[in-house]
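So the structure is just underneath, and the comments pick up after that.
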Amino acid sequence: MSAPVITSTLHRRIGDWFDVHGRALPWRDPECGPWGILVSEVMLQQTPVVRVLPVWTAWMERWPTPRDLASESPAEVIRAWGRLGYPRRALRLQAAAARIAGAHGNEVPDTAAELLALPGVGTYTAAAVASFAFGRPEVVVDTNIRRAHARMVSGRALPEKSLTAAEMALARDLMPEDPLEACRWNASVMELGALVCTARAPRCGQCPVAEVCAWREAGMPAPHYTPTGQAWAGTDRQVRGAIMALLRDSGQVALREITERTTAAGALGAHRPDPAQFERCVAGLVADGLASRDDEGPEPLLSLPG
DNA sequence: AAGCCGGGGAG
DNA sequence: CTCCCAGGCTT
């Protein structure tokens with residue numbers, strides 16, 4: 001599958017490009033420890049770099065070690081997560097911090113297998129932290145790398161809809177043998193996908209491997225399928241997000257006022273959820289630990305947990 | 001394998 | 001307006 005001559009060319013060209021054009025992100029700073037890298041990877045799950053940057057900086061200043069985060073109240077953690085989205089990630093990160101503080105002596109574990117056992121850490125994040133924080137030659141495959149591989153090697157516009165065993169095998173074949181080079185390769189291809197080999201309008205004029213790109217060689221054929229985007233307007237995700245925005249802002253709201261206040265805030269656009277949807281979303285948020293319901297007082301209240 | 005889970009900026 | 005972003009978890 002992999003021709004050694006070709007892969008070494010890719011390694012050299014993309015690696016050299018990265019040394020010049022790679023962004024100086026704070027979690028790439030040599031002084032950023034494993035904890036900062038883990039925090040960044042969780043925040044970056046489905047969230048663009050530019051939005052993570054300010055939240056990560058404040059987060060690390062406030063909770064410089066796992067134990068610091070573990071001892072914080074969930075309400076503060078959720079507030080600090082802000083508008084990054086998927087706030088369950090914040091709770092999982094805190095749960096991971098608690099396990100690190102308790103079972104790992106407050107030190108982020110240095111193997112992919114141990115990392116994978118942490119809440120909120122899947123295949124990608126475990127490999128990324130092991131590689132970027134500890135120099136382990138794990139096969140890192142994210143959406144950027146998948147797209148870059150699909151184009152420059154497989155000659156397709158997009159990777160498969162979901163990560164396949166063939167993609168993982170290809171990624172493994174493309175890895176440099178030297179561990180240090182393998183880690184640099186992981187970061188380089190990811191950055192290439194983020195800055196040059198982008199989903200929408202790839203900047204092939206700036207690409208260090210445009211001359212050997214299989215996709216360009218094939219005439220840049222269109223995707224072999226049409227991506228189906230996730231619905232948003234009117235979904236539970238939108239309603240849940242509107243309720244969480246309300247809780248972050250006010251800390252506590254009367255259940256009776258949620259409909260009016262989310263609507264008034266304009267968070268739902270033209271959507272007018274029925275009472276059943278609000279009830280379902282509130283119950284879901286409580287079940288997820290993102291909100292707590294108090295039925296003790298004169299009227300039911302919803303608040304941030306703990 | 002498929003569905004669920006936020007939010008916002010770019011095109 | 002649609003699309004996409006350093007995915008993970010549940011069923």
Side-chain angles (χ1 to χ4, degrees), chain A residues 22-23 25-28 36-56 78 81-93 95-96 115-133 138-148 157-165 171 183 186-195 197-203 223 226-248 262 265-270 280-281 284-285 287-290:
Chain A
R23 292 167 292 183
L25 302 172
W27 44 86
R28 286 180 179 157
I37 292 174
L38 174 60
V39 171
S40 79
E41 291 299 343
V42 174
M43 288 184 173
L44 286 163
Q45 291 166 2
Q46 297 289 284
T47 308
V49 167
V50 287
R51 289 175 53 199
V52 166
L53 276 169
V55 179
W56 181 90
I78 292 167
W81 194 259
R83 299 181 157 276
L84 286 183
Y86 296 136
R88 293 187 296 183
R89 289 183 293 165
L91 297 182
R92 291 182 185 136
L93 181 56
L115 288 160
L116 191 55
L118 298 172
V121 176
T123 307
Y124 161 75
T125 302
V129 173
S131 180
F132 301 148
E138 298 290 337
V139 181
V140 177
V141 179
D142 78 322
T143 186
N144 290 310
I145 293 176
R146 293 182 64 209
R147 185 176 55 251
L158 295 176
E160 301 301 327
K161 291 182 181 179
S162 57
L163 181 58
T164 64
C183 294
N186 285 332
S188 302
V189 180
M190 195 179 305
E191 191 76 334
L192 186 71
L195 299 183
C197 198
T198 55
R200 288 284 184 82
R203 301 165 173 83
T226 54
T228 59
Q230 294 176 324
W232 170 245
T235 62
D236 284 6
R237 278 162 62 220
Q238 187 188 28
V239 174
R240 284 168 58 111
I243 296 172
M244 288 308 297
L246 204 57
L247 290 180
R248 286 195 303 269
T262 51
L268 297 178
R280 182 171 68 244
C281 290
L285 292 172
D288 289 342
L290 288 166

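Numbered from 1 within each chain, the chains take letters A, B, ... in sequence-line order.
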*Would you mind reading off the distance between L158(A) atom CG and dC3(C) atom P, rounded to a whole angstrom?*
12 Å

*Say you draw a straight line from CZ of R248(A) to CD1 of I78(A); how long is it, rounded to the nearest 0.5 Å?*
9.0 Å

*asked:* In whole Å, measure the gap between the P atoms of dG8(C) and dG9(B) for me.
replied: 24 Å

*In whole angstrom, what separates D142(A)'s CG from dC5(C)'s P?*
9 Å

*Value rounded to 0.5 Å, distance of CG in L285(A) from CZ in R88(A)*: 9.5 Å

*Identify, between R23(A) and L118(A), the residue whose nearest nucleotide on DNA chain C lies closer to the 5' end.*
R23(A)

*For the pair R203(A) (side chain) and T198(A) (backbone), establish whether a donor and an acceptor sit closer than 3.5 Å, ignoring hydrogens and angles.*
no

*So what does L25(A) hit on the nucleic acid, given a heavy-atom distance under 4.0 Å: a base, only sugar-phosphate, or nothing?*
base

_L44(A) CG to dC5(C) C1', straight-line distance once rounded to whole Å_ = 10 Å

*Compare side-chain N and O positions of T143(A) against OP1 and OP2 of dC5(C) and report whether any pair is under 4.0 Å apart.*
yes

*Can you tell me how far the OH atom of Y86(A) sits from the CD atom of Q46(A), to the nearest 0.5 Å?*
5.5 Å

*For atom P, what is the distance between dG11(B) and dA6(C), given to the nearest Å?*
14 Å

*Tell me: CG of L115(A) to C1' of dG7(C), nearest whole Å?*
15 Å

*asked:* Rounding to an integer number of angstrom, what distance separates dG8(B) and dC9(C) when you compare their C1' atoms?
replied: 24 Å

*Expressed in angstrom and rounded to an integer, what is the separation of L163(A) atom CG from dA1(B) atom C1'?*
13 Å

*L116(A) CG - dG7(C) C1' separation (whole Å)*: 13 Å

*Find the distance between CG (L93(A)) and CG (L118(A)) and round it off to the nearest 0.5 Å.*
10.0 Å

_First of P119(A) and E191(A) reached from the 5' end of DNA chain C, by closest nucleotide_ = E191(A)

*Could you encode protein contacts along nucleotides 2-11 of chain B as a string, one character per nucleotide from 5' to 3', using B for base contact, S for sugar-phosphate-only contact and - for no contact, with a heavy-atom cut-off of under 4.0 Å?*
---BBBS-BS

*asked:* As an exercise, state the distance from OG1 of T125(A) to CZ of R92(A), rounded to the nearest 0.5 Å.
replied: 11.0 Å

*Sugar-phosphate, base or nothing in reach of W81(A), heavy atoms under 4.0 Å*: nothing

_Sugar-phosphate, base or nothing in reach of A199(A), heavy atoms under 4.0 Å_ = sugar-phosphate

*Sugar-phosphate only, base, or nothing, as touched by R28(A) at under 4.0 Å among non-hydrogen atoms*: base

*Between atom CG in L38(A) and atom C1' in dG7(C), what is the gap in whole Å?*
14 Å

_Spacing of L115(A) atom CG and L38(A) atom CG [to the nearest 0.5 Å]_ = 7.0 Å

